[in-house]
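These figures come from a predicted structure and were not determined experimentally. Read the numbers this way: they start at 1 and go in the same order the structure lists the ligands and their atoms.
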Amino acid sequence: MSDQGTRQGGGVRAILTRRSLLKGTAMAAGALAAGPLLQACGPAAGPQASSGPLKLGVLVPLSGVYSGLGQDMVQGMQLYLDSINNEIAGRKVQIIQEDSEAKTDVAPTKARKLLDQDKVDLVTGIVHSGVALALRDLFDSTKNILIISNAGADDVTGAKKSKYIFRTSFSNSQTTYPAGPWVFNNIGKKAALSAPDYAAGKEMMNGFKRTFTEAGGEVVFEVYPPLGNNDYQPFLTQLQQANPEVIFSFYSGSDAVRFVQQYEQFGLKGKIPLAGAGFMTESDVLPQQGAAAEGIRTSLHYTYLLDTPENKKFVEAYQAKFNELPSVFALQAYDATQLIDAAIKTTQGNTSDKDKLVEALVNASITSPRGPFKIDPDTHNPIMHIYMREVQKVGDDMGNVVIADLGEAKGPS
Ligand code: BEZ
């Protein structure tokens, strides 16, 4: 499972191949945790369980543009569960994994299956903001607990916050609003924006736009290609024609690989600086982007290069287990699993009293590899630092080197 072959410049096809291999590994790891328990315990123990297996429903995309993110999240969970021998408060952990396909019309059916048929104790995962929004009412009205470990839809911990929904990831605007003044002061005063045409893209651009224009900057052009796009050339043409001093973007998964590669192929690298939300150059895509990504500056709450003792331990353990560097997606799922562990220990294994479990989740304290981290008791969204990072060569790898600490950020803004 070495990255070496794909790091040498394999392109999108190579990352999908490598990711498919990882998918097999990650799912096998999940099945390993679940397999013997499924045999031993037979049918679901029911939602009132406080003994017997602890059933964690994991809803992530394992196909499509965000499949690599889903795979990293499964690996992050697996790493933490291995470290606690797959047991929380005396209950063996059973993972029940479903492919959300990152589709708003597929995920609710899969979530209902996890709740009604599998009778999971709680659900975690969720990559796509639209999926998080589509699931919000289901979890709120049935008082089932959802721990989101990626999807950043602002409303889920903002205007439509729910007592039963928590996030260990971020809200979309939280990742970019701290970058506005920094980009204005350090890169350029006229920006063109580009992101996929759905809630996450719009909210990340709006977060940046607000503070960039407050600082005195001007947004001269915006373009929103469809999610899961192959050809960015028409959009790059429009971005160039707008004559900005900086392009600020959000892309993730296979979109990020293609956008960054085509930005170089189209000749914009070296002419117009590229900045954006850090997902665009995270460790899941950086090996494929290679030198095309060098110099891109992005804002995010994590990089595997963060210099904390907890992060060093996390990165070493992740590399030893999966032979690759952890991404923010693996980190967020690792922390979701830590949070679940801490809360369920507090309730001594009892997951049937949802209000008690909510209280335990609000009060749980975990040490995140990302550094300072707490759950906002009002919104259930993390309060954490956002860093400005720059892609640089680090040994044989490309890495996101911290170039500024933008301070503590709450979300949504
Ligand atoms: C989202 O849809 O919320 C999202 C997807 C990928 C990366 C970051 C956010």
inquiry  = Only heavy atoms of H128, strictly under 4.0 Å: list the atoms of ligand 1 that pass.
reply    = 2 (O)

message = Give me the residue, atom name and distance of the protein heavy atom closest to atom 3 (O) of ligand 1.
response = S129 OG, 2.6 Å

message = With rounding to the nearest 0.5 angstrom, report the CD1 to CD distance, I95 to Q78.
response = 6.5 Å

task = Run the numbers for me: atoms of ligand 1, each under 4.0 Å from some heavy atom of N150, listed by number.
result = 4 (C), 5 (C), 6 (C), 7 (C), 8 (C), 9 (C)

task = For this output row, return yes or no: ring centroids of Y198 and H128 closer than 6.0 angstrom.
result = yes

task = State the atoms of ligand 1, each with its element, that fall below the 4.0 Å cut-off from a heavy-atom position in Y198.
result = 1 (C), 2 (O), 4 (C), 5 (C)

For atom 8 (C) of ligand 1, the option (of F170, Y66, Y251) bearing the nearest heavy atom = F170

inquiry  = I'd like to know if the side chain of R370 pairs up with that of S368 as donor and acceptor (distance under 3.5 Å, no hydrogens or angles considered).
reply    = yes

task = Check ligand 1 against A200 and write out every atom of the ligand that is under 4.0 Å from a heavy-atom position of the residue.
result = 1 (C), 2 (O), 3 (O)

ask   = Quick one: does L69 get within less than 4.0 Å of ligand 1, heavy atoms only?
value = yes

ask   = How many angstroms lie between NZ in K119 and CD1 in I96, if you round to the nearest 0.5 Å?
value = 11.5 Å

message = So if I count the atoms of ligand 1 from 1 in the order they appear, which ones are less than 4.0 Å from some heavy atom of A151?
response = 3 (O)

query = So is M204 polar-close to ligand 1, meaning N/O to N/O under 3.5 Å?
reply = no

ask   = Heavy-atom distance under 4.5 Å between the side chains of R297 and I403, does that happen here?
value = yes

remark   = Counting heavy atoms under 4.0 Å, the part of S252 that contacts ligand 1 is side chain

inquiry  = As an exercise, identify every atom of ligand 1 less than 4.0 angstrom from a heavy atom of N172.
reply    = 3 (O)

ask   = So among L306, V401, L300, which one has a side chain to side chain contact (heavy atoms under 4.5 Å, CB included) with R389?
value = L300

query = How many angstroms lie between CH2 in W182 and OG1 in T211, if you round to the nearest 0.5 Å?
reply = 13.0 Å

remark   = Ranked by distance from atom 1 (C) of ligand 1, the top protein heavy atom is V127 O, 3.2 Å

message = Side chains of Q338 and D335: any donor to acceptor distance under 3.5 Å?
response = yes

